[in-house]
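Below you'll find the structure, written out as structure tokens, and then a few comments.
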2 protein chains.
Amino acid sequence: MKVLTKKTDYAIRALLMLAAKKGNYVSTKTISAEQDIPYQFLRGVLQEMIRHGLITSKEGVQGGFMLEKDPDEISVKQVMEIFQGEVQVSECMFRKQICANRSHCVLRHEIMRIEQVVNDEFQKITIGGLLGKLTAAKSAKPAGNESYKSASAKP
Amino acid sequence: MKVLTKKTDYAIRALLMLAAKKGNYVSTKTISAEQDIPYQFLRGVLQEMIRHGLITSKEGVQGGFMLEKDPDEISVKQVMEIFQGEVQVSECMFRKQICANRSHCVLRHEIMRIEQVVNDEFQKITIGGLLGKLTAAKSAKPAGNESYKSASAKP
DNA sequence: TTAATTGACATCAATTTAGTATCAGTTTTG
DNA sequence: CAAAACTGATACTAAATTGATGTCAATTAA
Ligand code: FES
Ligand code: FES
């Protein structure tokens, strides 16, 4: 059972780059290269995020994408919902006879509780939070990689 | 995002029937009809459960399937693992540079915690538990449906 | 003007999930 | 015994989802 699809995965990674380089437009090409994500596929992912108001774009030379919202306001759950829809367990087990008393069903309660937990947890994870932790880990262990440094590298 | 596939769904429903009619062999035909599950598909599901030691079978007339284990020992998680494999989040985000320090990665920790929670919760739900709750709900609200009554109907 | 970009689609390939079909072997029962 | 009701094993097909590519028009900095 896979929880995160490629689209979600790529989207989060792209968002992290945008968050890291906040204030600058970053092109698909750059993200694609740095994160090793198929170019055209990534384009689709980015456009979808525009439609959902997470990022904005600028066309033409020096164009690209930029975060629209506060990184701390973008949760992994939001991204998942864009690309994978809501968490849903199973339409309804035991349709036939058993589930006459639907509102009563205990299994349903149990399983919806799990859904809730999953949702809550993914809600708590935000782009801002992730970025903070990633850069923290980075500076604690300088292993020659500088990809996600604190942005605004163009004074 | 769907958590339970048809196979898991069908498997659980079949197991519940077997648990309800414990001690008797129940045929695919019967389960298929009562639960409205495609006959041939269900056969495959049942055979897979034999291979995993959850049930046993008897061939020929009056044959069918029977629970092998205690219903309380069969968790939804076990069934899920048979038909859907382990819960896994995503191979690894940020493969390239970022994940040099893999053992260090906080995101990974967070996400594995969610995996853990999901697993724990599905582990707690057992066939026995479900059956108990279903029959309880049934007797509390007798709506003309008798499918899952207490079994051993052949004295 | 040209090169670097995004916007908007259309299309394709791969994988996973869902469902069907077939034939051989086993067991009860008339 | 022979027919009918079953499972075992396995091959196959169909549908849905996921992953990826391609194309052309529009925009913009240099
Ligand atoms: S699963 Fe349908 S009401 Fe319980
Ligand atoms: S996601 Fe790969 S180590 Fe963090």
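Below, chain A is the first sequence line, B the second, and so on; all start at residue 1.
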Whole-Å gap separating [atom2] ([N]) and [atom1] ([X]):
X       : N      : atom1 : atom2 : value
A:Met49 : C:dG7  : CE    : C1'   : 15 Å
A:Phe83 : D:dT17 : CZ    : C1'   : 15 Å
B:Lys6  : D:dA14 : NZ    : C1'   : 15 Å
B:Met80 : C:dT17 : CE    : P     : 12 Å
B:Phe41 : D:dT10 : CZ    : P     : 18 Å
B:Met1  : C:dT16 : CE    : P     : 16 Å
B:Lys29 : D:dC6  : NZ    : C1'   : 10 Å
A:Tyr25 : C:dG7  : OH    : P     : 11 Å

Have a look at [X] and say if it touches a base, only the backbone sugar-phosphate, or nothing, with a 4.0 Å heavy-atom cut-off.
X       : answer
B:Tyr39 : base
B:Ile50 : sugar-phosphate
B:Gly44 : nothing

ask   = At their closest point, which heavy atom of A:Leu4 faces which heavy atom of A:Gln84, and how far apart are they?
value =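 A:Leu4 and A:Gln84 have their closest heavy atoms at CA-NE2, 3.6 Å.
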
ask   = At their closest point, which heavy atom of A:Gly128 faces which heavy atom of A:Asp72, and how far apart are they?
value =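 Minimum heavy-atom separation between A:Gly128 and A:Asp72: CA-OD1, 3.2 Å.
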
Distance check, rounded to the nearest 0.5 Å: [X] atom [atom1] versus [Y] atom [atom2]?
X       : Y       : atom1 : atom2 : answer
A:His52 : A:Ile55 : NE2   : CD1   : 11.5 Å
A:Glu81 : A:Glu86 : CD    : CD    : 4.0 Å
B:Leu54 : B:Lys69 : CG    : NZ    : 6.0 Å

query = In terms of hydrophobic clustering (I, L, V, M, F, W, Y; side-chain heavy atoms under 4.5 Å; direct or indirect links), are A:Met66 and A:Val26 co-clustered?
reply =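 A:Met66 and A:Val26: separate clusters.
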
query = Nearest to the side chain of A:Thr28 - C:dT17, C:dT6, D:dG19?
reply =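 Shortest atom-to-atom distance from the side chain points to C:dT6.
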
Of the listed nucleotides D:dT7, D:dG19, C:dG19, the one nearest the side chain of B:Ser57 = D:dT7

message = Strictly under 4.0 angstrom, non-hydrogen atoms only: write out the protein contact profile of nucleotides 21-30 of chain C, one letter per nucleotide from the 5' end, B, S or -.
response = BB--BBBB--

message = I want to check one thing: is the phosphate of C:dA18, taken as OP1 and OP2, less than 4.0 Å away from some side-chain N or O of B:Lys2?
response =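 So the side-chain polar atoms of B:Lys2 do come within 4.0 Å of the phosphate oxygens OP1 or OP2 of C:dA18, strictly under.
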
ask   = When B:Val45 is tested against each of B:Gln47, B:Arg43, B:Glu48, B:Met49 for side-chain contact (heavy atoms from CB on, under 4.5 Å), which residue passes?
value =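 Exactly one candidate clears the test, B:Met49.
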
